[in-house]
Amino acid sequence: MKKKTFYTEFAYLFGLLLIALSCALLKHSNFGVSMIVAPAYLLHLYISPFWSAFTFGMAEYCLQALLIVIMAIIIRRCRVGYLFSFVTAVVYGLILDGFIYLVDFIPSDELWQRILLLLFGMVICCIGVAMMFKTYISPEAYELIVMETSSKFKWDIHKCKWCFDCICCGVAIILSFIFFGKWRFDAIGVSTLLCAALNGYLIGRFSKVLDKYFVFKDGLPLRKFFTGEDRKN
């Protein structure tokens, strides 16, 4: 079977949209958000009562800016792509706020409706992240950290992703008690634990499926600008 060409720039675009949509769906399911965004969501829940303009999306790119700085210090590397990763985070935050508004119209009163939102949100999240791993354009800080640390220390990217997910889950639990003195099930719930346990594996599986049907090629000569590396298609 001849594989179809999938440009890495489109992988970036579709990946960003799918991840933002999945986050909005998981939030709407009220089973908790994914472990990756749970710290930012808790930050939003803590600050928004005092500052109503502080949206979930804003909390995301503020926290991601901090994570990018910490990552650069730890791996002792700084690239132009890291700055663009913050731009990606801002765009993602704006898209996320838009999707949150739109999915609010989806019925979620019945348990089965919430379960469908949870399952669909998990699946498209994994597909979105798998796509982001196929592009050279700087992804959000979360994916960037996984990609850069796995490259720096020669770790398997999917195992590195699983470890990062678990760390985020642990940080979210700690923040829940620091901010609210209790476990916030609207932030850390069933979906959070399921995503922490399964996302790394599912992303790996979806990545293999994408590689089976598509050849990912750069459509624009911008890889060296973002990564400092050349790649022959």
Side-chain angles (χ1 to χ4, degrees), residues 14-46 55-64 66-67 85 88-89 91-100 102-104 106 108 113-133 139-147 157-176 179-180 183-207:
F14 288 129
L16 199 62
L17 290 171
L18 289 175
I19 293 171
L21 177 58
S22 71
C23 185
L25 291 173
L26 290 175
K27 176 184 177 297
H28 192 52
S29 74
N30 204 32
F31 280 125
V33 295
S34 75
M35 62 283 144
I36 291 295
V37 303
Y41 186 50
L42 286 163
L43 186 65
H44 159 67
L45 292 176
Y46 182 70
T55 65
F56 187 5
M58 189 182 296
E60 276 278 58
Y61 58 74
C62 287
L63 182 60
Q64 288 189 47
L66 177 62
L67 290 176
S85 183
T88 296
V91 174
Y92 163 79
L94 295 173
I95 295 173
L96 172 59
D97 287 337
F99 275 137
I100 287 175
L102 292 175
V103 303
D104 194 47
I106 299 176
S108 60
Q113 294 172 331
R114 295 171 58 203
I115 292 175
L116 285 178
L117 289 169
L118 163 61
L119 295 176
F120 189 58
M122 283 187 60
V123 168
I124 64 173
C125 175
C126 294
I127 296 174
V129 174
M131 283 192 170
M132 293 298 275
F133 285 159
E140 294 178 86
Y142 309 130
E143 286 76 36
L144 180 70
I145 289 171
V146 173
M147 294 168 68
I157 192 169
H158 301 300
K159 291 180 180 178
C160 185
K161 168 64 177 170
W162 182 81
C163 291
F164 182 68
D165 288 352
C166 291
I167 291 171
C168 288
C169 188
V171 170
I173 292 172
I174 293 172
L175 289 179
S176 180
F179 289 161
F180 305 102
W183 187 295
R184 288 293 298 256
F185 287 97
D186 53 340
I188 312 165
V190 175
S191 62
T192 313
L193 301 178
L194 284 176
C195 287
L198 299 176
N199 270 22
Y201 170 77
L202 291 175
I203 290 167
R205 299 304 300 176
F206 282 123
S207 181

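The figures that follow rest on heavy atoms only: side chains count, while hydrogens, waters and symmetry mates do not.
- Here the shortest heavy-atom pairing between Ala40 and Leu63 reads N-CD2, 3.7 Å.
- Distance CE/Met132 to CD/Glu140: 6.0 Å, rounded to 0.5 Å.
- A ring-centre distance under 6.0 Å is not found for Tyr61 and Tyr92.
- Considering NZ of Lys27 and CD1 of Ile100, their distance stands at 5.0 Å, rounded to 0.5 Å.
- Between His28 and Phe99, the closest side-chain pair of non-hydrogen atoms is not below 4.5 Å.
- With Arg114 contributing its side chain and Ser108 its backbone, the two residues share no donor-acceptor pair below 3.5 Å.
- The shortest distance between side-chain heavy atoms of Met35 and Asn199 falls below 4.5 Å.
- Scanning both residues, Val37 and Cys23, for their nearest heavy atoms gives CG2-SG, 3.7 Å.
- Here the side chain of Gln64 pairs a donor or acceptor atom with the backbone of Ala141 at under 3.5 angstrom.
- For the atom pair OG of Ser191 and CD1 of Ile115, the computed distance is 12.0 Å after rounding to the nearest 0.5 Å.
- Rounded to the nearest 0.5 angstrom, Glu143 CD and Ile203 CD1 are separated by 7.5 Å.
- Side chains of Ile106 and Leu25 form a contact here, defined as non-hydrogen atoms less than 4.5 Å apart.
- Nearest heavy-atom pair across Gly128 and Leu18 is CA-CB, 3.9 Å.
- Phe120 CZ: 12 or fewer foreign heavy atoms inside a 6.0 Å radius.
- To the nearest 0.5 angstrom, Ile19 atom CD1 is 10.5 Å from Tyr142 atom OH.
- Using a 4.5 Å heavy-atom cutoff, the side chains of Ile36 and Phe164 are in contact.
- No donor-acceptor pair closer than 3.5 Å links the side chain of Thr192 to the backbone N or O of Ser34.
- Using a 4.5 Å heavy-atom threshold, the side chains of Ile95 and Leu21 count as separate.
- In terms of heavy-atom proximity, Leu42 sits nearest to Ala187 at CD2-CB, 3.6 Å.
- Across Asp186 and Tyr41, no two heavy atoms sit closer than the pair O-CE2, 3.4 Å.
- Taking the six-membered ring for Trp and thresholds of 30 and 60 degrees, His44 and Phe56 have nearly parallel ring planes, at less than 30 degrees apart.
- Judged by distance alone, with hydrogens and angles left aside, the side-chain atoms of Ser176 form no donor-acceptor pair with the main-chain N or O of Ile173 at under 3.5 Å.
- Residues Leu117 and Phe31 are not in side-chain contact: their nearest non-hydrogen atoms beyond the backbone lie 4.5 Å or more apart.
- Counting heavy atoms of neighbouring residues, nucleotides and ligands inside a 6.0 Å radius, atom OH of Tyr201 does not exceed 12 of them.
- Put simply, the side chain of Leu175 does not reach to within 4.5 Å of the side chain of Tyr46, judged on heavy atoms.
- The one candidate from Val123, Val129, Ile124 that meets the side chain to side chain contact (heavy atoms under 4.5 Å, CB included) condition with Phe206 is Val123.
- Judged by distance alone, the side chain of Ser29 and the main-chain N or O of Leu26 form a donor-acceptor pair under 3.5 Å.
- The structure places CG of Leu67 at 11.5 Å from SG of Cys62, a figure rounded to the nearest 0.5 Å.
- For the salt bridge (Lys or Arg N to Asp or Glu O under 4.0 Å) test, residues two or more places apart in sequence or in another chain that qualify with Lys161 are Asp165.
- For the pair Ser85 and Leu144, the tightest heavy-atom approach, listed with the atom from each and the gap, is OG-CD2, 3.5 Å.
- Partners of Thr88 under the side chain to side chain donor-acceptor pair (under 3.5 Å) rule, at least two apart in sequence or in another chain, are Tyr12.
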